[in-house]
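These notes concern the structure reproduced below.
To find a chain, count down the sequence lines: A is the first, B the second, and so on, and within it residues start at 1. Hydrogens, waters and symmetry mates play no part in the numbers below; they use all other heavy atoms, side chains included. Not measured: the values here are computed from a predicted model.
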Protein chains: 2
Amino acid sequence: MARSSTRAPSIADVAKLAGVSVPTVSRVITGSVPVSPERTDRVLAAVRELGYRPNGAARALVTGRQSVIAVLASNTTRYGYASTLQGIEEAARLAGFIVMITVIETDEPAAVQAAVDLALSHPVAGVVVLKFDPPGAAALHRLPDGLPVVAASGGRGDGVPHAVLDDTAGAMAATDYLLGLGHRTVHYVAVPTSGRRAGRATGWKRALTRAAVEVPPVLDAGWEPERAYEIGRELAGRDDVTAVLCGNDELAMGLMRGLHEAGRRVPADVSVVGFDGHPMGRFWTPALTTVEQDFADLGRRSFALLGGLLGAGHAAKTSSAAPRLVVRESSGPPPAAG
Amino acid sequence: MARSSTRAPSIADVAKLAGVSVPTVSRVITGSVPVSPERTDRVLAAVRELGYRPNGAARALVTGRQSVIAVLASNTTRYGYASTLQGIEEAARLAGFIVMITVIETDEPAAVQAAVDLALSHPVAGVVVLKFDPPGAAALHRLPDGLPVVAASGGRGDGVPHAVLDDTAGAMAATDYLLGLGHRTVHYVAVPTSGRRAGRATGWKRALTRAAVEVPPVLDAGWEPERAYEIGRELAGRDDVTAVLCGNDELAMGLMRGLHEAGRRVPADVSVVGFDGHPMGRFWTPALTTVEQDFADLGRRSFALLGGLLGAGHAAKTSSAAPRLVVRESSGPPPAAG
DNA sequence: TCCGCCGATGATAACGTTTTCAAAATGGGA
DNA sequence: TCCCATTTTGAAAACGTTATCATCGGCGGA
């Protein structure tokens, strides 16, 4: 049973034990060609006894087909990233694919190249790039031609097939909602973006201009809730700020804490709306109004697009879904009826 | 440049173009054996021109060395899991390894077996199992012998090398802290555990018995903050509950919301202490007292253990770290001086 | 000048599997 | 009974790389 040491049993070992030829074992295992019941049993018995497990490298070498897909992302712990990854993994697993994850820590060219090289040092069937921020966008540009690639992001695509969450529509809906509540304008605390086109900022800006109200300067917070917290404290001193849209829910929570510590009440004094639909948002006090996005579905759609690329040629080029505004407690009318 | 179609260039194509033999190309690429500068240049030029990329499957097949490690986990979105995964990935990437992730959704034998089979259908150098819950523990038992395996968990190991976060010590510290504040006893809202030995519950129980106070029944919440929220509402009606330790911070946040909605103030009426050190905890209102754990470090240590297994035989068998109690606003003395 | 040594190079084997192709076995019809 | 079609089986080739081994060249020492 516990045959340690030496080397893993090969198909030849199984064949010898079962008293059949090597190809017969292969046929039993892959099920590609029928084999007589009697031999099939002998082979399966031998497989069990030896604990034989096909060598994927050899199999991949001869078939040329890979069953591994690479995911490139800048971070795997943030809510949106982790959920998208989960969706990709689930869809891939159900299709018999394995997911390899490689993190791209910065958008510095050397680091990006190193990460891409590492990811591609292994034979992969395709690549999914989480293009939510600069590192993701940089990685996309460094992937070699001829490799099936899909990007998952919140904006429109450029070249490669994209699975998209329509950030712009979500941000517009949230901004329209706040304006409809009577707020004079809406401020925006931004997350990093993948390029010039920032879907969330675009939607926010578009809603404001369409309503013919002033567009205040964007407040950049990066990914850190700490920074949003500081912004919250700064904003607390300004009476003209009555509604804030945040690039994601973590930022919104940090911001609310900053406002709270500085004595501003949410939503009585300031309305705060987040983005993403973080599962903790509904337990927050006050519960967070947010633009809910189905990241897991984004991941599944990303893999589906990639599957289309791998299979028949008639693959879809994009897959888009609209987010949904979820109104909870952190938003309301402005303090002085606007 | 963009040579699509046909098949990827092989080392033979490079050799022919550079006018050298196949092994010489291999030597240039791997750097294993010195090659004359003139030939090296020719080879590198040919590599560039053809866009040659070594076939990892062939390489893996002949060397027998794998540069892929598999991670088995039941979920990749929860804070502890995601952070541990991040630590593993980081350490692996720095060592030139790639991380494959396979999710085990339930502890049902068939599902576990399928996931393990999928993960091992690819040749891997070793496996890290996130053994925080039943699916992880089940996976650990289904891995074949002879494969380097490390478990990362919050409890002690059994057989395979373990990287550990000392849950027991953390839970004891938190419970001692609450008892020291004057609480008559401390209730415990539990997360799922990987087996009979639940580190957090053990530490909590040990601290209570050592202080000779009553040990209330464990309140099981699973992983869902929703369930903790309900428990919070239930507990709100009980005056004897003045201090609650939660199995993780998400649960604590759900619980606090439930208490809040039912009119109980935290920490004035009830003290709540979480577990894990979720980054959002400090922004919560009230900011969450918690037992902070360094999951990323746990991941790095897991990989280090695995590296020891892969390299020389004198590998460490365990690696343990103690968590740290971080006192914030959600805990304080009981309402009526105890 | 010759011998032996060392470094660079190339031919060939090996890794473990699937695929191709031919051979053997089986079955059915005349 | 014989022959052909069909199914099952096995031998050998192929995948792309690295490892092994022998060969070739140059160089230093006698």
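Pairing each heavy atom of A:Val164 with each of A:His162, the nearest pair is CG2-CB, 3.8 Å. Scanning all heavy atoms of the two residues, the minimum distance from B:Phe303 to B:Ala95 falls at CE2-CB, 3.6 Å. The two residues B:Arg300 and B:Gly87 make their nearest non-hydrogen contact at CG-O, 3.5 Å. The minimum heavy-atom distance linking B:Asp294 with B:Leu165 is given by the pair O-CD2, 4.0 Å.
Each of A:Thr102, A:Thr84, A:Ile101 was scored for a side-chain contact (heavy atoms from CB on, under 4.5 Å) with A:Thr76, with one residue passing: A:Ile101.
Checked by atom type and distance alone, the side chain of B:Arg42 pairs as donor or acceptor with a backbone atom of B:Ala18 at under 3.5 Å.
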- line: Its contact letters, B for base, S for sugar-phosphate only and - for none at protein heavy atoms under 4.0 Å, make nucleotides 16-26 of chain C read BBBBB------
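Comparing the end axes of the helix from C:dT1-D:dA30 to C:dA30-D:dT1, each fitted to five base pairs by superposing C1' atoms of four pairs onto the next four, gives an inter-axis angle of 50° (nearest 10 degrees).
Contact check, B:Thr24 against C:dG10: a side-chain N or O comes under 4.0 Å of OP1 or OP2. Distances shown here put a side-chain N or O of B:Arg39 below 4.0 Å from the OP1 or OP2 atom of C:dT9.
Between the CD1 atom in B:Ile88 and the CG atom in B:Leu130 there is a gap of 5.0 Å [rounded to 0.5 Å].
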Under 3.5 Å, side-chain donor or acceptor atoms of residues 113-129 of chain A against the rest of the protein: list the pairs with distances, not counting sequence neighbours.
from, atom 1, to, atom 2, distance (Å)
A:Gln113, OE1, A:Arg142, NH1, 2.7
A:Gln113, NE2, A:Asp117, OD1, 3.1
A:Ser121, OG, A:Leu118, O, 2.7

